Asks: 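Please see the structure below; I have some questions.
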Amino acid sequence: MGLAACGKSGNDHTAAAKSETAAPVQAAAVAESAEGLSLENWPALKPALPRDEKLEARIADLLSRMTLEEKVGQMMQAEIKSITPEEVKQYHIGSILNGGGTFPNNDKFATPDDWRKLADAYFAASMDTSDGGVAIPIIWGSDAVHGHNNVIGATLFPHNIGLGAARDPELIRRIGEATAREVAVTGVDWTFAPTIAVVRDDRWGRTFESYSEDPDIVAAYAREMIKGIQGDKNSEEFLDGRHLVSAAKHFVGDGGTTRGIDRGDTEVSEKELAEIHAAGYFTALESGVQSVMASFNSWNGKRLHGHKYLLTDVLKNRLGFDGFVVGDWNGHRFVEGCTVDSCAAAVNAGLDMFMITSEWKALLKNTIAQVRNGEIPESRIDDAVSRILRVKIRAGLFERDRPLAGKTGIMGSEEHRAIAREAVRKSLVLLKNNDQLLPVDARKNILVTGNGADSIAKQSGGWTISWQGTGNTAEDFPGATSIYTGIKQAVDAAGGTVVLSENGEVPQDAFGKGGKPDVAIVVYGEDPYAEWHGDLASIEYQLGSKEDQELLQKLQAQDIPVVSVFLSGRPLWVNKELNLSDAFVAAWLPGSEGAGVADVLLTDSEGNKRYDFTGRLSFSWPELVHQTVINRDDANYQPLFAYGYGLDYSSDAQLANNLNEDGESYVDGNLEDAWLMVSRPQAPWKLFIADGDQEPLWVSGNLARSDDNNITVASIDMLSQEDARALTWKGLRAGSVVLETRKPQDLSRYLDEGAALTMDIRVDQAPEAAVFAQITCEGPECNGKLPLQNALNALPKGDWSQVSIDLQCFADAGTDFTRVSQGLSLHSEGKLAMAVANIKFVPGAGDQAQIRCGS
Ligand code: BGC
Ligand code: BGC
């Protein structure tokens, strides 16, 4: 569909692909075609900007004066925590970035001027030739993915999933433009945006960074977002310093990984890769995007950072991309044969700039050596550096024309906040409005409740000041408005009464003597998360659901009509919450302008609606808890709310309050593996240390230790970055490492379908005393406990092996699988050092399990 979709917007790539001759195919591509690859799957595009001989001559001149060290230096992008301006000068480094949650001087409250001053210092260092060398301006990149979100005081736009619902490409362009302006104020040159992933499995923790499951929307938005950020390529505004360099990311297939696992493998045909996952790149290129970020994921087992066919033959040759390819955060290290500080294969595949973050010195040295010994042809280096220089020249970095730098009034300006507020209004999708409860008459008594009601942190989600969006409080959002504050403004203006009560208790006479709320607006949903941490095992909304459901029930019991405002980064299975709500609004992650919610939900002082709902789902909403991969063009498409759904005030549609609440009963025999832990525990499972009779210790970061360091849990690398956990028992006390859930899970289907518990284990120091694997359920005497010591002793020391245990063994030992609270607990009574990864229940694998039990 994707290619045809582009055709609709007046650019028929399908036809182009057939009629024009393909770009010259290099020898390696021919070799790869033996694997069945074909450039015919991709449209043959012309470079977005015509070749500029003057510019090319300038590049050639610079290149001819640069040493190999200087050239390779251009290909390094270091993180500001790991490089000083002095080092930029000394090593001729080409680029820097600030990762999510990195600030100038390590100061979260660094002002826009602090940012600019630091940018000036790096720039001056890059242009300082007092030690010799050619002056090449540095380029600084930052993740301005929903506004300039690393900087306190910036306007925060709704995350992409909400923008997708707005169906308004022109608005997207204005958002891109406003974002670029705020970035420009801080002296940063380049934003790592937009993400143009087309998501298939909504469990992916980056679903909220995607505009849609639909390639049409992604394609239309990519075109406009890049025009907004960079300026129109056919006008004077293009890269004029008010408009900056954009990066389309992550090339390619990031939204298609199996089970929605971040940095995973996208197992699809080349046709599907091109038509679905690459749809946004064709339009991004057409708008003249100057950089493309390679993706962490693999395509059919091969990492993108080392994929010559996709990076060079497809992107650069076939699609005519003349800008540069930047890597993702140390992403080259996953390429076969590479380490973080040595990766000729990525350069040879077509990577032009390494996002190397901290180990840049070693990588620089090794890459230079690889050119000298012929592993990397110098022509490849010249090509990479030419591309980087081309973008730097086009962006005017040599002239350092920065018309907005230091104009701090632009940060979080009223004008930009108004655009964000408009985007919030347009992003809201009305899923249920029984008896036309909405709009709420702002002259009445209104209770505002739920833990998202007055939390700008929660309404902003991940990639907000910190990387995961965690750890923020109200003080971190000067100038922003919570959803409650917006409601209060509207109610105050109309003469009604509003009470905020997070837990729903109404203080006596808060609504006047004997008064009671006419309606409750309940704001709740997912807490902030970002890449990797946000992956889910199930799309059931459950992390906060117990409390939220109780709150909804409490209101219902008092006959108070309920409007649910659901904050989430993806569609989730919320049948129970829907049944408990009279009206239900999908509000996504609206960002700093919470008042946009009240604009639509509440009337004016005459009781008339102010704005209607115009948002329509850009992702299909599941009816069944196992509908994790549910997309508009599926063969058996049976969502609860289809792609494109969304009510407005003219509709009197009723949704019965009898949606099936038994998530499990729907499963149709195609039982998927149940993952308890991939690289991280999969929600709802969380990792705890239960040491002796100490309070359980939640493992949230990559290292946790109980008292006296008796038990340690540390993230380690198995195949890729931090994809396994090392567990160490010192043996001071018996204790356990546990995967636990607050809400017991019914996993009886796994028992019924003969599943095995499987996990990868590496024993580093053999157990000195008894070890047990347990699956525990809620309630007394509900603990299936199996000895594991002999099995661990039998494993080869220091090597990974898979261990599998028939679930029946746990059932025989006493686990009731209808109410599992601890999916796995590893208990050791003595010293032990081991590592674990990939813990899951695999249906049908019980028969072949290494540890089996009769019955
Ligand atoms: C993310 C990118 C981001 C980069 C720099 C990576 O982990 O995948 O989207 O641009 O970090 O922060
Ligand atoms: C992210 C960065 C972040 C870093 C923290 C990376 O994967 O992309 O933005 O700062 O991890 O470790």
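Counting convention: from 1, in listed order, for ligands and their atoms alike. For reference, positions follow the sequence shown, starting with 1. These numbers were taken from a predicted model, which means no experiment stands behind them.
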Asks: Centroid-to-centroid, W360 to Y91, below 6.0 Å?
Replies: yes
Asks: Counting only heavy atoms closer than 4.0 Å, does ligand 1 sit against the backbone of R206, its side chain, both, or neither?
Replies: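 It is the side chain that gets close, since no backbone atom is under 4.0 Å.
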Asks: Show me which atoms of ligand 1 lie under 4.0 Å from any heavy atom of F192.
Replies: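 The list of qualifying atoms is 10 (O).
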Asks: List every atom of ligand 1 that sits less than 4.0 Å from any heavy atom of W329, numbering the atoms from 1 in the order shown and giving each element.
Replies: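 Near W329, the atoms of ligand 1 are 6 (C), 7 (O), 11 (O).
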Asks: Work out whether the distance between some heavy atom of F296 and some atom of ligand 1 is less than 4.0 Å.
Replies: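 Contact check F296 vs ligand 1: positive.
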Asks: Flag the pair H146 / F157 as yes when their ring centroid distance falls below 6.0 Å, and as no otherwise.
Replies: no
Asks: State the atoms of ligand 1, each with its element, that fall below the 4.0 Å cut-off from a heavy-atom position in D328.
Replies: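 Once the distances to D328 are compared, the set is 1 (C), 2 (C), 3 (C), 4 (C), 6 (C), 7 (O), 8 (O), 11 (O).
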Asks: Please state whether the rings of Y122 and W140 are parallel, tilted or perpendicular, taking 30° and 60° as the class boundaries.
Replies: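 Answer is perpendicular, since the angle exceeds 60°.
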Asks: What is the ring orientation for H159 with F208, classed by angle as parallel under 30°, tilted 30 to 60°, or perpendicular over 60°?
Replies: perpendicular
Asks: Per the salt bridge (Lys or Arg N to Asp or Glu O under 4.0 Å) rule, which among D328, D717, D341 passes with R333?
Replies: D717
Asks: Would you kindly specify which portion of L97 sits under 4.0 Å from ligand 1, judged on non-hydrogen atoms: side chain, backbone, both or neither?
Replies: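 Contact part for L97 vs ligand 1: side chain (C-beta onward).
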Asks: Answer yes or no on whether R263 is positioned over the face of W532, meaning its NZ or CZ is under 6.0 Å from the six-membered ring centre and within 45° of the axis.
Replies: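 Geometry flag: set, cation within 6.0 Å and 45°.
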Asks: Show me which atoms of ligand 1 lie under 4.0 Å from any heavy atom of H250.
Replies: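 Taking each heavy atom of H250 in turn, ligand 1 has 2 (C), 8 (O), 9 (O) under 4.0 Å.
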Asks: Heavy-atom contacts with K249 under 4.0 Å: which atoms of ligand 1 show up? List them by number with element.
Replies: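 Checking each atom against K249, I get 2 (C), 3 (C), 9 (O), 10 (O).
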